[in-house]
Amino acid sequence: MATLTDGGFVHRFVPGANADSRALLLLHGTGGDENDLLPLGQMIAPGAALLSPRGKVLENGMPRFFRRLAEGVFDHEDVVRRAHELADFVAAATRAHGLARPVAVGFSNGANIAAAMLLLRPEVLDGAVLIRAMVPLPDPPAADLSGRRVLILSGAMDPIVPEDDAAELAAQLSTAGAAVEHEVLPAGHGLTQADVTLARRWFAAAP
Ligand code: MLT
């Protein structure tokens, strides 16, 4: 398993186990990198192929997937540009590796870019697990997400993501036709064991 730089994103790719055609796109949080979520991906979908890029935007040296102006205040033009850039990378990587359309598993900033990709480039993802996500675009274009499953995992004590904001994201995705499940856990912004358990269960229940 090597760190690769082709396709414009530094990334890790872990091939799936034989006969497992599922693939996950792993998207880290602010300050993370392409290695962070590999163990989470293996726990959520053992045997699935894993594609894990590093965000290209640096905020005080910390990788992110798009620019923000302050905590919770996003540069929406950059969100759109970066979501398309990442979607192009994902489409090219899935073709190159002969993968199925992946399910995104994003944490925090990674969940936000995954939500933006779902709304802007619905053809690229099969669904998503969005952990501590918020609305990435206030007024997204109409998208057709019918047939896509989305699990949003929020924290009731999250100091970064207001409860209403995650609920609004759930509404945006449902309006676009996605089958959305939204769970609010007794948690803060950090990842918990309950996130792993619920994501694993959701993934295993895929039709
Ligand atoms: C963001 O995208 O900025 C997140 O929601 C918060 C963070 O990454 O710290």
Side-chain angles (χ1 to χ4, degrees), residues 9-12 24-41 51-87 89-90 103-121 124-125 127-140 143 150-173 178 180-192 194-196 198-199:
F9 279 82
V10 175
H11 66 280
R12 301 286 292 261
L24 295 187
L25 171 68
L26 303 173
L27 300 167
H28 63 78
T30 301
D33 69 20
E34 66 280 12
N35 300 303
D36 276 21
L37 298 188
L38 293 174
L40 177 67
L51 178 65
S52 185
R54 184 194 304 172
K56 286 186 184 183
V57 172
L58 288 181
E59 182 184 276
N60 302 321
M62 297 186 295
R64 287 175 51 83
F65 287 96
F66 58 81
R67 230 167 69 82
R68 65 180 165 184
L69 308 174
E71 193 166 280
V73 184
F74 301 153
D75 175 340
H76 295 125
E77 234 175 76
D78 198 57
V79 173
V80 171
R81 187 163 79 83
R82 301 287 178 180
H84 281 294
E85 183 183 46
L86 183 59
F89 163 76
V90 173
V103 170
V105 176
F107 170 65
S108 189
N109 181 247
N112 297 339
I113 196 75
M117 280 173 63
L118 278 171
L119 291 161
L120 295 170
R121 296 285 295 275
V124 168
L125 296 176
V129 178
L130 306 176
I131 304 171
R132 311 299 181 268
M134 55 197 293
V135 169
L137 292 168
D139 195 14
V150 177
L151 175 63
I152 301 176
L153 297 172
S154 302
M157 285 91 77
D158 190 332
I160 296 176
V161 182
E163 215 171 305
D164 291 0
D165 203 294
E168 191 185 330
L169 174 61
Q172 280 184 350
L173 295 167
V180 178
E181 286 173 48
H182 183 193
E183 303 272 354
V184 182
L185 310 178
H189 196 69
L191 195 66
T192 67
D195 292 290
V196 180
L198 289 171

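Fair warning: this is a prediction, and the values are worked out from it, not measured in the lab. In each ligand, atom 1 is the first atom listed, and ligand 1 is the first ligand listed.
- Residue T30 approaches ligand 1 through these ligand atoms, each under 4.0 Å from one of its heavy atoms: 7 (C), 8 (O), 9 (O).
- Ligand 1 is never approached by G29 to a heavy-atom distance shorter than 4.0 Å.
- Put simply, CG on L27 and CZ on F107 are 12.5 Å apart, with the number rounded to the nearest 0.5 Å.
- Between D78 and R67 no salt bridge is recorded (no basic side-chain N to carboxylate O distance below 4.0 Å).
- The closest approach between R64 and ligand 1 falls below 4.0 Å for a heavy atom of the residue.
- Considering backbone and side-chain atoms together, R132 places no N or O closer than 3.5 Å to any N or O of ligand 1.
- Between H28 and F65, the gap from one ring centroid to the other is short of 6.0 Å.
- The closest side-chain heavy-atom distance from F66 to E77 is not below 4.5 Å.
- Donor-acceptor pairing under 3.5 Å is recorded for the side chains of T30 and R64.
- Selection from D165, V79, N112, I160 by nearest heavy atom to atom 4 (C) of ligand 1 gives N112.
- Each of the following atoms of ligand 1 lies closer than 4.0 Å to a heavy atom of M134: 5 (O).
- Closest to atom 9 (O) of ligand 1, if we only count protein heavy atoms, is R68 NH1, 3.2 Å.
- Every residue meeting the salt bridge (charged side-chain N to carboxylate O under 4.0 Å, His left out) condition with R121, not counting sequence neighbours, appears here in chain and number order: D88, E123.
- For ligand 1, the atoms lying closer than 4.0 Å to a non-hydrogen atom of F66 are 2 (O).
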